[in-house]
Amino acid sequence: MDVGTVMIRKERMVSLKKQESKQGVIAYFCMEYGLESSFKIYSGGLGILAGDHLKACKDKGLPVVGIGIKWEQGYVEQYLDKEGAVTDCYRNINCSHLEDTGTIVEVIIREEKVPVKVWKTEAYGNVPLLLLDTNISGSPHHGITKNLYGGNSEDRVAQEIVLGAGGIKALRAMGYSVNTYHFNEGHAVIAGLELIAEKMSRGVSFHDAWEETKKEIVFTTHTPVEAGNETHPISRFLYMNANQGLTIEQLIEIGGAPFNMTVAGLRLSRKVNTVAELHLETTKKMWKSVTGKAPMINITNGVHLKTWMDDGFLEQKLEKEKCLELHQKNKKNLIKLIEERTGAVFQPEKLTIGFARRMTPYKRSDLIFSDRSKIDLLLKQEKIQLVFSGKAHPMDNAGKEKMGAIYEMQKKYPNAIVFLQNYDMEIGALITRGCDVWLNNPQRPKEACGTSGMKAAMNGVLNLSILDGWWPEACQHGVNGWAIGDVITPKTEEQQDQKDAKALYEMMEKEVIPLYYENTEKWADMMLKSIETTKEAFSAERMVDEYWNKMYKPKKGRGLV
Ligand SMILES: *Cc1c(COP(=O)(O)O)cnc(C)c1O
């Protein structure tokens, strides 16, 4: 970009800012935020995306305010014992950097008044983050905001009332003028019910209030698997007071019965977006029969470069030799972390393959182990070393078993296979910089987007991935990484596993391993290509530009798009 464009951009930004101060802010709602590794109000991908979104909005000077929850303990911490069994534990989060706004709002849950305290951080400059908290001394409701994604379905609804209804009330109490409410995932849709109820309390009819509310909301959906979309029996919504005074019939009109949080999001908003091109196709098919939904577009996720890219790669275009040198430094940092955390000694010269995901069966963390004779041979010949990380949801026993299976392999090959426990942003940053190859092999098409592969790609770590999520948009096979298999998906999961495992071994044996050991020159070319083709295209900066232009952008003069 030349200086002229930068100047024009700056001017445009200033004029946008002026316009915005009159037109109000974008209120971004999310259950979790991954902003700093140690501030553990996040669980995984959704939170990291939200954190990167706020950071990119800050960098661009956009008028955004984040709404989330001040989790007392946050998401589970997870350790494996000597038998490979998983232990879950919870730790209080250090929130000493948060500012007490002095604002307390009230929501109704199970017919009781629940006070909600509003905290704030201004660590992200023009993008303040408001965090809602029921942990007020003396309040019998202090436990609602204790554990992110913890508890049962009723606890979840209570948390969503705090986020949704509490979020709207907090914005009102603090005097924000809001242009657009952005619900990042369905957890926040109760805010939409609250916005309808607000208008109805001023005498507006239900349908008019809904129409007006739709103009104010945009919605991002994330789950391409039908069963992953949260639903609640209407009766639960009523006795929990999640309905915000709406009748059974009105609730059903919005979210169906049972009340589907995603369907509600589709019907409460003026525009919906998915998070990758393929995800748009899957989502359209999935919700084909839903009437009255908003138009749907795609905005592929991106990652915040300053958070996830090595400074050396970020600041300049490197020559091959420098590129390899910088990568080797990152690889040694990862190897050091592995040794500190596990005692395993990895080799800096050996091809290192990384895999870090939520541990859940469809991500198939053990696909690479499915042909034991092949993998044993590769390990015995000392061709590869493997580093894994990830957490399983505390209730996901099948996911926990996957962790146990990796652990078993680690026992057999203690200096070539390692599982880094308690995956977080710190591990995320080191592992996506320090491996040589980033492996991703979910069942297709179950990955909405996947952002860890982007982090890897822009650090010169070559993706070896199923054509799912974001990868079909970026993959130039053999140029900037590799595809495992093709876009034809067999009918049964068993057939898929077999086909994909075969393709994975073939790629490793015929392409990846020979190239790594025999043609460093070409490997470095691919690293440079990987960086060049992903750095801008999959940045959060590009992503929020798209959100601004396609989802948020207010029309001149009149309020909204
Ligand atoms: C980037 C990141 C994620 C999201 O990665 P996916 O590719 O969606 O699995 C999750 N957790 C952590 C700690 C991350 O850094």
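We count ligands from 1, going down the list as the structure has it; atoms in each ligand are counted the same way.
- Judged purely by atom type and a 3.5 angstrom limit, N480 uses its side chain to pair as donor or acceptor with the backbone of A474.
- Judged as a side chain to side chain contact (heavy atoms under 4.5 Å, CB included), and not counting sequence neighbours, the contacts of E473 are A276, E277, T300, F538.
- Note that the OG1 atom of T534 and the CE atom of M454 stand 9.0 Å from one another [nearest 0.5 Å].
- Residue pairs meeting the salt bridge (charged side-chain N to carboxylate O under 4.0 Å, His left out) criterion with at least one partner in residues 335-348, sequence neighbours excluded, are R341-E426.
- Taking CG of L386 as the reference point, atom CG of L439 lies at 8.5 Å (rounded to 0.5 Å).
- Closer than 4.0 angstrom to ligand 1 sit non-hydrogen atoms from G44, G45, I48, W308, R357, Y423, D424, M425, G428, G450, T451, S452, K455.
- The salt bridge (charged side-chain N to carboxylate O under 4.0 Å, His left out) test applied to K284 returns no partner, not counting sequence neighbours.
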